[in-house]
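Taking it in order: structure first as structure tokens, then the write-up.
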There are 2 protein chains.
Amino acid sequence: MVVPVAAKRRKLSNPLALAVMVTLCQGPMHPYEIAQTLRRQGKDTSTKINYGSLYTVVQNLEKHGFVEVADIERKGNRPERTVYGLTGAGREEMTEWLSELLARPVKEFPIFETALSLLGALHPDEAVTLLEERVKNLEVQAAGERGALEKLYESVPRLFLVEVEYQLHMTEAQTEWVRGLLKELREGSMLGVEGWRHFHETG
Amino acid sequence: MVVPVAAKRRKLSNPLALAVMVTLCQGPMHPYEIAQTLRRQGKDTSTKINYGSLYTVVQNLEKHGFVEVADIERKGNRPERTVYGLTGAGREEMTEWLSELLARPVKEFPIFETALSLLGALHPDEAVTLLEERVKNLEVQAAGERGALEKLYESVPRLFLVEVEYQLHMTEAQTEWVRGLLKELREGSMLGVEGWRHFHETG
DNA sequence: CGCGATATGTTCGATCACGAATATTCGGAT
DNA sequence: ATCCGAATATTCGTGATCGAACATATCGCG
């Protein structure tokens, strides 16, 4: 089997679309129910669920034949609820997309990286203060994540918590790195810090 | 001084806007020149620079008074080049925004996290194969980043490379974590793996 | 029973993002 | 001289995004 080296452009790129397809694997649902299911399963911490986007995404999935209308319900006087089911093409797209995401790291642009690259625009003392604050915040965040995880272990198999464990690991990694940076900044050992300070103090 | 606990909504949220303001600190420029400067300084690895977005962003910055037209050049027959400069309000917004980004971690949604949370949709053996491939890819990526860094150390002060070091650190952290996950999956020690397999093999 | 609060569902439109197209100039090879 | 590809510089149309508004149902409680 030949693995395509360049990722092909997908017809839908919103991650929510993938989450929707996976959810519909569990059976036909209407959009709102999809959102509820995702939330109930805690997927909303790893995928941004936006009602605004949800309906558009489902529509687009239908347009491309990945889902189809399975039923149109009407209970009482409420607006109709269109129930969607996953198609064969949908299942295939889902598997392929998910596989690609797992196997291939993609370059993303976390906002903290941007901020770091622009660090020079602040006074070095200010930078140190701010990064110290970040470390504190990260510690709180990590503690929260650990706590949540402990609770969840009691009711959910680990399999369904991998992404939470990953999050925690990455939070810890970030904390560690920022601590290292702070150390170098405070010791002034980092090449270029004197120049930086001088630049900001004279202009 | 009271630190606002909730981040106030910014008039501009595109990170490119921040990068633009920081660049204009160095002096007035026209949009294209801003992009060149960012690229020359390697900022394009940490901020997504999109020509399509650039002009819109600069316009919006102007609309909100963060930059202003400093000059309109015309050389030969080319289209006019509008040269922009940072305003006082712009400098303030820049400092405040950058400070917030450094001090406060924000929840983002990296696509790999989504993929992890949906892992159960694939057969466990398939998941293992794919994650092994990811580890290989991550190793290549890390090697590349390390190489680039070595080269850059020769010509650029460390201060301007912090974001690259951060990237590398995070790549390594991710690799380590995926390796751990793989180990657990292969050993079958992870709670729930048998059920997972069974589910996929019977349907 | 009547009231507000909360949960259930969906739609809309203003804004945003960005690939691709456009248009000109410059440098170097022929 | 002239042709061509790369660099310079900007615009535009399409499509995505998402907060907020809308509308109804259900539930708890006095």
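Each chain gets a letter, A, B and so on, in the order the sequences are listed, and its residues count up from 1.
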Can you tell me how far [atom2] of [N] sits from [atom1] of [X], to the nearest Å?
X	N	atom1	atom2	value
A/Asn60	D/dT14	CG	P	16 Å
B/Lys48	D/dA16	NZ	P	15 Å
B/Ile49	D/dT10	CD1	P	15 Å
A/Asn50	C/dG9	CG	P	19 Å
A/Leu16	D/dG19	CG	P	13 Å
B/Arg81	C/dT25	CZ	C1'	11 Å
B/Gln36	D/dA6	CD	C1'	12 Å
B/His64	C/dT15	NE2	C1'	11 Å

Would you say [X] places a side-chain N or O within less than 4.0 Å of OP1 or OP2 belonging to [N]?
X	N	value
A/His30	C/dT8	no
A/Tyr55	C/dT11	no
B/Ser53	C/dC18	yes
A/Thr56	D/dA16	no

Notebook entry, point to check: Taking for each residue the nucleotide of DNA chain C with the nearest heavy atom, is it B/Tyr51 or B/Val57 whose nucleotide lies nearer the 5' end?
Noted result: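 Closer to the 5' end of DNA chain C: B/Val57.
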
Check: Is it true that A/Arg81 and A/Glu33 make a salt bridge, defined as a side-chain N closer than 4.0 Å to a carboxylate O?
Finding: no

Margin query: Taking the basic N atoms (NZ, or NE/NH1/NH2) and the acidic carboxylate oxygens, is any pair closer than 4.0 Å for A/Glu139 and A/Arg134?
Written below: no

Notebook entry, point to check: Do we see a donor-acceptor contact under 3.5 Å between the side chains of A/His123 and A/Glu201?
Noted result: yes

Notebook entry, point to check: Is A/Glu33 touching bases, backbone alone, or none of the nucleic acid, heavy atoms closer than 4.0 Å?
Noted result: nothing

Check: Shortest non-hydrogen contact from B/Ile111 to A/Glu108?
Finding: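 Heavy-atom minimum between the residues: N-OE2, 3.1 Å.
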
Next item on the list: Could you tell me whether B/Lys151 sits above the aromatic face of B/Tyr153, with NZ or CZ closer than 6.0 angstrom to the six-membered ring centre and within 45 degrees of the axis?
Entry: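 Verdict for B/Tyr153: no cation-pi partner in B/Lys151.
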
